[in-house]
Amino acid sequence: IKEATGNLERAGDEAERIARMVKKILDQGSPRNLPSSDLRIASDMPSDLLRKALDAFARLDVSTALTILKEDDLIDAEFNGFVRKLVTYMMEDPRTIGACTHLMFMAKNIERIGDHATNIAENTWFVVHGDMPEGERKKEDRTSE
């Protein structure tokens, strides 16, 4: 249980970082043509995953926990696509670099919330079975590719 609460706390820390960056972007007056709506849509995936992970943990539902482990790959793919889009914006208009950098960090924080949800799902499996789920979970950052 301690491990799950730790992951929940770290997810909250990520949300706090996102809120601080939103404030910075608003204070600096970000350009209107940035893909921030893509980020809002992408943030729904990890928040839903976190909700599912907490529900699975409360119910000790290992089938939902396994589903969550697979869904994290979708979040990672969405994150990598968003980063590529931001790089394109920055290359096309260097004036967007500051705001895009904030959006990139926010996207990483959102992606990390998905990772914490996945950790909670692994904890659920461990509590029920006493070992980790079969197969290796990818824990790699591919944003530099």
Side-chain angles (χ1 to χ4, degrees), residues 1-90 96-145:
I1 292 176
K2 183 178 180 182
E3 185 70 27
T5 56
N7 276 287
L8 184 57
E9 180 182 356
R10 287 189 287 282
D13 293 343
E14 301 293 346
E16 180 185 359
R17 287 183 197 98
I18 292 167
R20 281 197 309 256
M21 279 184 258
V22 166
K23 183 175 178 348
K24 282 183 185 180
I25 289 172
L26 292 173
D27 289 347
Q28 293 173 358
S30 82
R32 300 220 181 255
N33 63 340
L34 294 179
S36 56
S37 62
D38 292 356
L39 187 61
R40 185 177 42 81
I41 292 166
S43 69
D44 290 342
M45 293 168 65
S47 63
D48 289 344
L49 205 62
L50 184 59
R51 203 174 355 269
K52 285 182 196 175
L54 292 171
D55 187 53
F57 187 79
R59 298 173 190 272
L60 298 178
D61 179 356
V62 292
S63 67
T64 299
L66 284 177
T67 301
I68 290 165
L69 295 176
K70 294 173 186 164
E71 288 182 39
D72 185 53
D73 290 342
L74 298 172
I75 294 170
D76 294 344
E78 189 74 26
F79 168 73
N80 289 329
F82 185 71
V83 168
R84 281 191 298 278
K85 185 181 258 188
L86 288 174
V87 169
T88 301
Y89 273 81
M90 290 186 281
T96 66
I97 291 173
C100 283
T101 302
H102 289 304
L103 289 174
M104 200 175 300
F105 282 118
M106 289 168 60
K108 185 61 179 173
N109 294 131
I110 290 168
E111 186 271 336
R112 289 290 300 138
I113 291 171
D115 291 343
H116 293 304
T118 304
N119 291 345
I120 292 170
E122 286 180 337
N123 290 180
T124 302
W125 181 275
F126 186 82
V127 166
V128 173
H129 294 287
D131 61 5
M132 296 307 279
E134 294 275 324
E136 188 176 333
R137 180 174 146 213
K138 293 182 207 171
K139 294 185 178 183
E140 57 189 41
D141 185 349
R142 300 184 60 171
T143 55
S144 62
E145 294 180 354

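All values below were derived from every heavy atom in this structure, side-chain atoms included, with hydrogens, water molecules and symmetry-related copies excluded.
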Quiz item: Do N7 and T5 get their side chains close enough for a donor-acceptor pair, meaning under 3.5 Å?
Solution: no
Is the shortest distance from a Lys or Arg side-chain nitrogen in [X] or [Y] to a carboxylate oxygen in the other one below 4.0 Å?
{"X": "D48", "Y": "K52", "value": "no"}
{"X": "E14", "Y": "R10", "value": "no"}
{"X": "K23", "Y": "D27", "value": "yes"}

Do the non-hydrogen side-chain atoms of [X] and [Y] ever get within less than 4.5 Å of each other?
{"X": "D76", "Y": "D72", "value": "yes"}
{"X": "I120", "Y": "E3", "value": "no"}
{"X": "I110", "Y": "M45", "value": "no"}

Practice problem: Say whether, by atom type as modelled, one donor and one acceptor occur between the side chain of N123 and the main chain of N119 under 3.5 angstrom. | Solution: yes
Practice problem: Return yes if some donor-acceptor pair links the side-chain N/O of T64 with the main-chain N/O of D61 below 3.5 Å, else return no. | Solution: no
Quick one: pull up [atom1] in [X] and [atom2] in [Y] and give me the separation to the nearest 0.5 Å.
{"X": "T118", "Y": "I113", "atom1": "OG1", "atom2": "CD1", "value": "12.0 Å"}
{"X": "L86", "Y": "H102", "atom1": "CG", "atom2": "NE2", "value": "12.5 Å"}
{"X": "I18", "Y": "D13", "atom1": "CD1", "atom2": "CG", "value": "11.0 Å"}
{"X": "F105", "Y": "K24", "atom1": "CZ", "atom2": "NZ", "value": "9.5 Å"}
{"X": "E122", "Y": "D115", "atom1": "CD", "atom2": "CG", "value": "10.0 Å"}
{"X": "D44", "Y": "L49", "atom1": "CG", "atom2": "CG", "value": "12.0 Å"}

Practice problem: For side chain to side chain contact (heavy atoms under 4.5 Å, CB included), just list the numbers for M104 and M21, CA-CA rounded to whole Å, side-chain angles, deciding distance to a tenth of an Å, and then say yes or no. | Solution: CA-CA 10 Å; M104 200 175 300; M21 279 184 258; over 6 Å; no
Nearest non-hydrogen partners of [X] and [Y], listed with the distance:
{"X": "L69", "Y": "P133", "answer": "CD1-CG, 3.7 Å"}
{"X": "I68", "Y": "A121", "answer": "CG2-CB, 3.7 Å"}
{"X": "G114", "Y": "I75", "answer": "CA-CD1, 4.1 Å"}
{"X": "A11", "Y": "H116", "answer": "N-CD2, 3.8 Å"}
{"X": "F57", "Y": "V127", "answer": "CE1-CG2, 4.2 Å"}
{"X": "A56", "Y": "A65", "answer": "CB-N, 4.2 Å"}

Exercise. List the steps and the verdict of side chain to side chain contact (heavy atoms under 4.5 Å, CB included) for M106 and L103.
Key: CA-CA 5 Å; M106 289 168 60; L103 289 174; 4.2 Å; yes
Exercise. In sequence, state the C-alpha distance, the side-chain angles, and the governing distance for D131 and W125, and then conclude on side chain to side chain contact (heavy atoms under 4.5 Å, CB included).
Key: CA-CA 7 Å; D131 61 5; W125 181 275; 3.2 Å; yes
Self-check item: D55 vs R51, salt bridge (charged side-chain N to carboxylate O under 4.0 Å, His left out): CA-CA, chis, key distance, verdict
Solution: CA-CA 6 Å; D55 187 53; R51 203 174 355 269; over 6 Å; no
Quiz item: If you count the non-hydrogen atoms of other residues, nucleotides and ligands that lie under 6.0 Å from CZ in R20, is the total more than 12?
Solution: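 More than 12 within 6.0 Å, yes.
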